[in-house]
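Working notes, structure below.
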Amino acid sequence: ALGGDAAETGRQTLVSWLGGEPLLWPGLVPVSRHFRENFGLRLSMTTNAGRLGAPGLAEFVAEHFDEVTFSLDSVDPGQHDRMRGGLGNGQAVRHGIASLVRLRANRPGPTIRINTILMRDTMDRFDSLCELAADWEVDEVSFNPLGGRDRPAFFPAHQLDAASFARFRDRLPALRDRLAARGLTIVGDER
């Protein structure tokens with residue numbers, strides 16, 4: 001249906017793998033290859049990069065995917081690991097990004113994005129995260145506020161407060177301009 005819709009309408013269709021960790025799904029490579037090669041579908045994923053170092057996987061992703069979004073919530077890998085509950089995850093993201101940047105140096109490759117969750121404890125370091133993303137040659141940074149449904153015990157201590165969010169909103173336009181000059185797009189608009 002997706003391939004037929006894309007062919008019929010002339011619109012490109014993007015299939016995005018997310019939720020849990022797509023790189024753990026054994027069907028990711030064969031299904032993605034089938035979607036890309038047989039139906040011309042564009043591919044995207046959101047990952048914690050934990051398995052991107054598996055033999056040949058980064059190469060497959062660089063060749064077949066149009067977008068790869070890495071979840072990263074802190075410039076400090078240890079803080080990221082504590083917030084995400086996964087030891088070594090912050091370093092895995094760094095290595096995954098470096099692998100894809102290296103692979104696309106000699107050929108077209110995916111747009112590389114970092115998505116971060118805005119929380120009380122990370123909000124004031126968003127600028128540093130964006131600067132780091134630019135240093136790593138990431139193309140885009142996206143963000144969303146911490147939700148509480150999946151971790152109700154975590155949410156109250158980390159949720160955004162109005163004052164922090166107001167400071168963030170006020171500095172965002174200048175930060176966008178400064179990082180655009182370095183080739184990094186902060187996704188979103190004034191809403």
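Every heavy atom of this structure was used, including side-chain atoms; hydrogens, water molecules and symmetry mates were not. Since we're looking at a predicted model, the values are computed, not measured.
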> Which residues satisfy the side chain to side chain donor-acceptor pair (under 3.5 Å) test with S16, sequence neighbours excluded?
Replying inline: S44
>> Minimum heavy-atom separation for I112 and V138, please, with both atom names.
In response: O-CG1, 3.3 Å
>> Tell me the closest heavy-atom pair linking V141 and A133, and the distance in Å.
In response: CG2-CB, 3.8 Å
> Closest approach of A58 and L100, non-hydrogen atoms and distance?
Replying inline: O-CD2, 3.7 Å
> Mind checking what makes salt bridge (charged side-chain N to carboxylate O under 4.0 Å, His left out) contact with D135, not counting sequence neighbours?
Replying inline: R182
>> Test of understanding: with side chain to side chain donor-acceptor pair (under 3.5 Å), list the residues that count as partners of R176, not counting sequence neighbours.
In response: none
>> Please give me the minimum heavy-atom distance between A62 and P110, naming the atom from each residue.
In response: O-CD, 3.6 Å
> What's the spacing between R36 CZ and L43 CG if we round to 0.5 Å?
Replying inline: 5.5 Å
> Could you go step by step and tell me if W17 and T46 meet the side-chain contact (heavy atoms from CB on, under 4.5 Å) rule?
Replying inline: CA-CA 6 Å; W17 304 113; T46 298; over 6 Å; no
> Do F70 and L72 pass the side-chain contact (heavy atoms from CB on, under 4.5 Å) test, and can you show the C-alpha distance, the side-chain angles, and the key distance before you say yes or no?
Replying inline: CA-CA 6 Å; F70 292 90; L72 185 66; 5.6 Å; no
> Residues two or more places apart in sequence or in another chain: which of them pass side chain to side chain donor-acceptor pair (under 3.5 Å) with S99?
Replying inline: none
> Which salt bridge (Lys or Arg N to Asp or Glu O under 4.0 Å) pairs, counting each pair once, include a residue from residues 90-105, with sequence neighbours left out?
Replying inline: R104-D139
> Do you know which two heavy atoms are closest between S71 and V93, and how far apart they sit?
Replying inline: O-CG2, 3.5 Å
>> The criterion is side chain to side chain contact (heavy atoms under 4.5 Å, CB included); which residues satisfy it with N144, sequence neighbours excluded?
In response: N115, I117
> Can you name the side chain to side chain donor-acceptor pair (under 3.5 Å) partners of N38, sequence neighbours left out?
Replying inline: H34
>> On a heavy-atom basis, which atom in L172 and which in F143 lie closest, and how many Å separate them?
In response: CD2-CZ, 4.0 Å
> Say you draw a straight line from OG1 of T47 to CG of L52; how long is it, rounded to the nearest 0.5 Å?
Replying inline: 6.5 Å
> Can you tell me how far the CD atom of E67 sits from the CZ atom of R42, to the nearest 0.5 Å?
Replying inline: 5.5 Å
>> Could you measure the distance from the OG1 atom of T69 to the CG atom of N48? Nearest 0.5 Å is fine.
In response: 13.0 Å
> Sequence neighbours excluded, which residues qualify as salt bridge (charged side-chain N to carboxylate O under 4.0 Å, His left out) partners of E140?
Replying inline: R113
> Roughly how far, to the nearest 0.5 Å, is the CZ atom of R125 from the CD atom of E131?
Replying inline: 15.0 Å
> Got V61 and M45 here, is their nearest side-chain heavy-atom distance under 4.5 Å?
Replying inline: yes
>> If you apply the rule side-chain contact (heavy atoms from CB on, under 4.5 Å), what do you find for I97 with I114, and how did you get there?
In response: CA-CA 9 Å; I97 290 170; I114 288 175; 3.9 Å; yes
> Among all residues two or more places apart in sequence or in another chain, which pass the side chain to side chain contact (heavy atoms under 4.5 Å, CB included) test with F165?
Replying inline: M123, L160, F168, R169
Less than 3.5 Å apart, which donor and acceptor atoms pair up between the side chains of residues 23-31 and the rest of the protein, not counting sequence neighbours?
none

> About how many Å separate CG of D121 and CD of Q159, when rounded to the nearest 0.5 Å?
Replying inline: 11.0 Å
>> I'd like to check the side chain to side chain contact (heavy atoms under 4.5 Å, CB included) partners of A54; sequence neighbours left out, ordered by chain and number.
In response: R51, L57
> Is the shortest heavy-atom distance from the side chain of L118 to the side chain of F126 under 4.5 Å?
Replying inline: yes
> Under the salt bridge (charged side-chain N to carboxylate O under 4.0 Å, His left out) test, which residues partner D161, sequence neighbours left out?
Replying inline: R120
> So H64 and F35, side-chain contact (heavy atoms from CB on, under 4.5 Å) or not? Walk me through it.
Replying inline: CA-CA 10 Å; H64 289 82; F35 280 6; over 6 Å; no
